[in-house]
Amino acid sequence: MARPDRVVAVVGTGTDVGKTWVTARLIRQLREGGISVAARKPAQSFDPTDDPSGNDATVLGAASGEAPETVCPAHRWYEVAMAPPMAAAALGRPALTLAELVDDLRWPEELVEVGFIETAGGLRSPIADDGDCLGLVKAVAPDCVLLVADAGLGTINSVRLTVDALGELSVPIFVVLNRFDPASDLQRRNQAWLDGRDRLHVSTTPGGEADLAKLVRTVEGQVGGGGDG
């Protein structure tokens with residue numbers, strides 16, 4: 001199986017910042033532009049009483065045209081709303097490791113142009129017994145990182161902390177301020193501060209998906225990097 005031309009790791013400053021929603025919108029923009037896309041969620045946990053159509057793998061699969069079980073292997077679905085390794089323990093299932101999550105990554109037989117790997121929770125949230133989402137991102141060696149954050153109070157601090165942790169990867173980081181309200185003076189100032197003073201590339205959603213899709217398309221793919229190729 002060939003590694004996609006461009007692998008995009010999707011991370012968040014925390015839980016419920018909208019990683020899946022942003023990624024799904026971006027996938028649709030790319031596909032509408034004629035770009036072949038695949039989405040992967042190495043592990044997902046969820047409240048079993050929630051509408052299953054809202055599960056991350058289902059939402060991503062609906063956007064990419066893939067089955068939910070292709071996006072996230074069925075044995076990595078954990079029906080407890082906790083970090084995946086905690087959910088596995090609570091359900092009495094085997095512990096999971098970063099190496100196993102990376103080994104589970106299966107890309108389509110035909111080469112795809114952009115492959116998304118969405119993490120769970122915030123960047124330092126545990127995603128395996130032996131590592132967090134940062135560890136997973138390092139292991140898959142993405143060509144760029146999509147960092148999703150809230151647009152409101154506290155986002156400058158959370159974005160800076162996350163970007164600092166990602167710095168050693170030396171790949172482009174695209175910051176997305178989700179649920180952005182252009183009528184909010186605070187949110188406009190947050191964007192201006194991160195964009196102007198911190199010199200980060202900041203997009204906002206809804207509204208900025210097309211520009212973000214263009215950015216992802218221009219990232220140079222790195223031959224032979226991470227993931228299960």
Side-chain angles (χ1 to χ4, degrees), residues 8-33 35 37 39 41 44-47 50-51 53-60 62-64 81 83 114 116-125 127 132-134 137 142 144-167 169 171-219:
V8 182
V10 183
V11 304
T13 54
T15 301
D16 294 329
V17 294
K19 294 187 299 297
T20 303
W21 185 89
V22 169
T23 305
R25 292 286 292 265
L26 181 52
I27 287 171
R28 290 190 177 95
Q29 286 283 344
L30 288 167
R31 293 184 72 198
E32 288 170 4
I35 302 298
V37 182
K41 179 88 174 182
Q44 69 171 4
S45 51
F46 52 92
D47 187 331
D50 289 345
D51 183 352
S53 67
N55 287 347
D56 292 350
T58 303
V59 173
L60 293 172
S64 65
V114 181
F116 288 89
I117 302 175
E118 186 190 296
T119 59
L123 183 67
R124 299 308 307 272
S125 296
I127 196 167
D132 55 20
C133 293
L134 177 59
V137 172
C144 65
V145 174
L146 186 68
L147 169 57
V148 182
D150 280 323
L153 194 64
T155 198
I156 292 175
N157 176 66
S158 58
V159 167
R160 283 177 162 180
L161 289 172
T162 307
V163 168
D164 285 350
L166 289 165
L169 293 173
V171 298
I173 300 171
F174 303 134
V175 179
V176 183
L177 298 184
N178 190 28
R179 308 183 184 105
F180 185 80
D181 179 3
S184 167
D185 182 59
L186 169 65
Q187 294 185 23
R188 292 199 311 271
R189 289 178 183 271
N190 282 342
Q191 179 189 16
W193 191 288
L194 292 168
D195 205 1
R197 297 205 185 198
D198 290 349
R199 300 190 180 280
L200 298 172
H201 196 290
V202 182
S203 301
T204 61
T205 52
E209 291 87 352
D211 289 339
L212 195 55
K214 184 176 180 181
L215 280 173
V216 170
R217 290 179 64 178
T218 61
V219 173

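Everything numeric here is computed off the predicted structure, so don't read it as measured data.
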Kindly say whether G152 contributes a backbone atom to a donor-acceptor pair with the side chain of T155 at under 3.5 angstrom? no
Donor-acceptor check, side chain of E209 to backbone of G207, threshold 3.5 angstrom: yes or no? yes
Calculate, to the nearest 0.5 Å, the distance between atoms CG and OG belonging to D211 and S203 respectively. 6.5 Å
Among I173, V159, D195, L147, the one residue meeting side chain to side chain contact (heavy atoms under 4.5 Å, CB included) with L200: V159
Hey, does L194 have a side-chain heavy atom less than 4.5 Å from the side chain of I156? yes
Is it the case that the side chain of Q44 and the backbone of A57 share a donor-acceptor pair, with hydrogens and angles ignored and the cut-off at 3.5 Å? yes
Checking D150 side chain against R179 main chain: does a donor-acceptor pair fall under 3.5 Å? no
Could you state the interatomic distance from OG (S45) to CD1 (I127), rounded to the nearest 0.5 Å? 9.0 Å
Can you tell me how far CZ of F116 sits from CG of L30, rounded to the nearest 0.5 angstrom? 5.0 Å
Check: A81 main-chain N/O paired with D47 side-chain donor or acceptor under 3.5 Å: no
Looking at every heavy atom in both P142 and V145, which two are closest together, and how far apart are they? CG-CG2, 4.1 Å
Evaluate side chain to side chain contact (heavy atoms under 4.5 Å, CB included) for L146 paired with L26, printing each intermediate quantity in order. CA-CA 11 Å; L146 186 68; L26 181 52; 4.0 Å; yes
Any side-chain heavy atom of L123 within less than 4.5 Å of one from V11? yes
Short side-chain to backbone donor-acceptor contact, K19 and G121, under 3.5 Å: yes
The criterion is salt bridge (Lys or Arg N to Asp or Glu O under 4.0 Å); which residues satisfy it with R188, sequence neighbours excluded? D185
Take atom CG in D16; do more than 12 heavy atoms of anything else shown fall under 6.0 Å from it? no
Is F46 close to T58 at the side-chain level, that is, under 4.5 Å between some pair of heavy atoms? no
Counting N and O atoms only, with roles assigned by atom type, does the side chain of D56 sit under 3.5 Å from a partner on the main chain of T20, one being a donor and the other an acceptor? no
Value for CG (N55) from CG (L60), rounded to nearest 0.5 Å, stands at 10.5 Å
T119 side-chain N/O to V10 backbone N/O, donor-acceptor pair under 3.5 Å: yes
Check: Q187 side chain, D181 main-chain N or O, donor-acceptor pair, under 3.5 Å: yes
Greater than 12 external heavy atoms within 6.0 Å of W193's CH2: no
Over all heavy atoms of both residues, which pair between A120 and C133 is shortest? Give the atoms and the distance, please. O-SG, 3.0 Å
Calculate, to the nearest 0.5 Å, the distance between atoms CG and CD belonging to L186 and Q191 respectively. 12.0 Å
Mind listing the closest non-hydrogen atom pair of P206 and W21 along with its distance? CB-CH2, 4.0 Å
Closest contact, heavy atoms only, V59 versus A24: CG1-CB, 4.0 Å
For A63, does its backbone N or O pair with a side-chain atom of R31 as donor and acceptor, under 3.5 Å? yes
The test is side chain to side chain contact (heavy atoms under 4.5 Å, CB included); show your working for I35 and R217 and say whether it passes. CA-CA 8 Å; I35 302 298; R217 290 179 64 178; 3.5 Å; yes
Euclidean distance, L177 CG relative to N190 CG, rounded to 0.5 Å: 7.0 Å
